[in-house]
Amino acid sequence: MSSPLSSPDLSRLVDDGYTVSITGGHVCIADVPYVTNECVVAYGVLVSPLSLAGDITTRPSDHVVTFAGAAPCDRRGQPLAAIINGSARQVLGDGLVVDHTFSSKPTDGSGYANYYDKMTAYINILLSEAQAVDPNVIATPFKPRLDRPDDSVFCYTDTASSRAKISAITDKLRVGPVGVIGLGGSSGYILDLVAKTPASEIRLFDGDKFIQHNAFRAPGAATIAELGACPYKVDYFATKYSAIHRHILPHASFIDAHNVEELRHLSFAFVSMDDGEAKGIVLDTLRDLGIPFIDVGMGLYEIDGALAGIVRVTTSTPQRRDHVSKRIARSNLDDDLYSTNIQTADLNALSAVLAVIKWKKLLGFYNDLDREHHCSYEIDGNTILNDDLD
Amino acid sequence: VGHGGLVRHLFSVKAEIRLEQENTLTTASEPTRAESNERTNIIVNGRPMHVDGDEITYEQLVELVYPGLPADPNRVITITYRGGPRENPQGTLSPGYHLKLKGGMKFNVVATVKS
């Protein structure tokens, strides 16, 4: 996959922080400051058609650009007659509508060598007048932008890490495929967090459909149309989160003895399953394959009209697995007699947050002094208990 | 005798735990380390209960919350506690282990299996 934005002149505009996009064969730069006839700063969009060869820019075919916005003026509110060549609304297609045409030839008369020179020449004319009105005005706001193709798992650049200057620490999360096994309430929130990490792939395993009650224990907000389509959970979540992470792979089946092989290449697995017997097969397989995992589960009960209980997060690594059998059930209680199916979105989210924090600790993203492998949150005491410390 | 039978045996012979909800709290003693012959007031899953003696086992706590649960070696009930005596002030209780009791000690006993 290629994009005109990989052209050197356009990528330089991007790198400088201009708000660059490609629309219908045009390069558009938004957030361009200019002065209106009322001597206030406004922002418009500068548009130029692109000349491309194999999706790479060539020398601009002319020196003219168009502009969406009011008539730009100088610092005293007088129209910039030196560059305004015409003012008439033009529909360029693909949703592009412009109001003015600018014409300003380079002083040497040879035309612009590239789109960087062409666009910045006009921007600087408008910007200098705007900065005379307000010295704090900039034309390079560094807004979120499309990533260049194929160099990231993300659909757009992770500016959260670069902005916080933790990109080197975030690099520790550049791990191989991460499995999310069982897509109950907790796993939705696990995906919500893992999708924002640079893990190479996120593989979702669940054979259930996403139905109405699931929407009340899932991150974000499902539309009624999405519910009406009765998608598999894995497809619903893969579609939602493909808006940010490009490699989310849905597997619309439960893991059982027939397809455990699908777990083989995972770097890590988050396990969140109601069925204890099926979970036992998964945990044995992960152990045999040497794959570290975190299992989350909760148990809630009602007491005098209020809910309480425990949220549990249990970690198993190739170096530490001996505690698993006494911490994680692999049989099913008779729900009618002994158990409830009470779960709530906030406790699902809490278990997911605790699990993802622990995963990041295992990868060295967070410091981990106590190195617990079992964590229990008591709701009625707001207490976190750590067990199975290294 | 199966696991469940053993639990019930221990439960009935050794601990003499009464399940009735406490409606007649005595005001005699501050929460302190329990004595072996005294009745101890504890809170299990938010509900006040009386326990005879100064110790309680994992299995007895499971029986309090899930009476008559059939034996199953693959089952795990998560038990947490806090407000205990200095020997075991706070933590997680595993199968086969027991705790020293203290008045007012709080327990959560629940299968943590929902996802």
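Naming: A, B, ... by sequence-line order, numbering from 1 per chain. These values consider heavy atoms only, across backbone and side chains, with no hydrogens, waters or symmetry-generated copies.
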note = Tightest non-hydrogen contact, residues B:V76 and A:S325, listed as CG2-O, 3.5 Å
remark   = Taking a cut-off of under 4.5 angstrom between non-hydrogen atoms, the residues of residues 376-388 of chain A near chain B are A:S376, A:E378, A:D380, A:G381, A:T383, A:L385, A:D387
key: Closest-packed option against chain A by number of heavy-atom pairs under 4.5 Å, given B:S94, B:P95, B:G83   = B:S94
request  = Check whether more than 12 heavy atoms from other residues, nucleotides or ligands sit under 6.0 Å from atom CZ of A:R371, and answer yes or no.
outcome  = no
task = Starting from the C-alpha separation in whole Å, work towards a yes-or-no answer on side-chain contact (heavy atoms from CB on, under 4.5 Å) for B:R47 and A:D304.
result = CA-CA 9 Å; B:R47 197 173 295 286; A:D304 296 337; 4.1 Å; yes
key: chain B contact via A:L183 - which portion, at a heavy-atom distance below 4.5 Å   = neither
ask   = Name the one of B:T80, B:T112, B:T92 that satisfies side-chain contact (heavy atoms from CB on, under 4.5 Å) with A:R312?
value = B:T112
Atom pair CD1 (A:I310) and CG (B:N108), whose distance is rounded to the nearest 0.5 Å = 4.5 Å
note = In short, A:L333 meets B:A111 closest at the heavy-atom pair CD1-CB, 3.3 Å
message = Report which part of A:M298 has an atom under 4.5 Å of a heavy atom belonging to chain B: side chain, backbone, both, or neither.
response = both
request  = Count the heavy-atom pairs under 4.5 Å between each of A:S351, A:A306, A:G184 and chain B, then report the option with the highest count.
outcome  = A:G184
request  = Tell me, for B:Y81 versus chain A, whether the close heavy atoms (under 4.5 Å) come from the side chain, the backbone, both or neither.
outcome  = backbone
key: Which portion of A:D274 sits near chain B, non-hydrogen atoms under 4.5 angstrom   = both
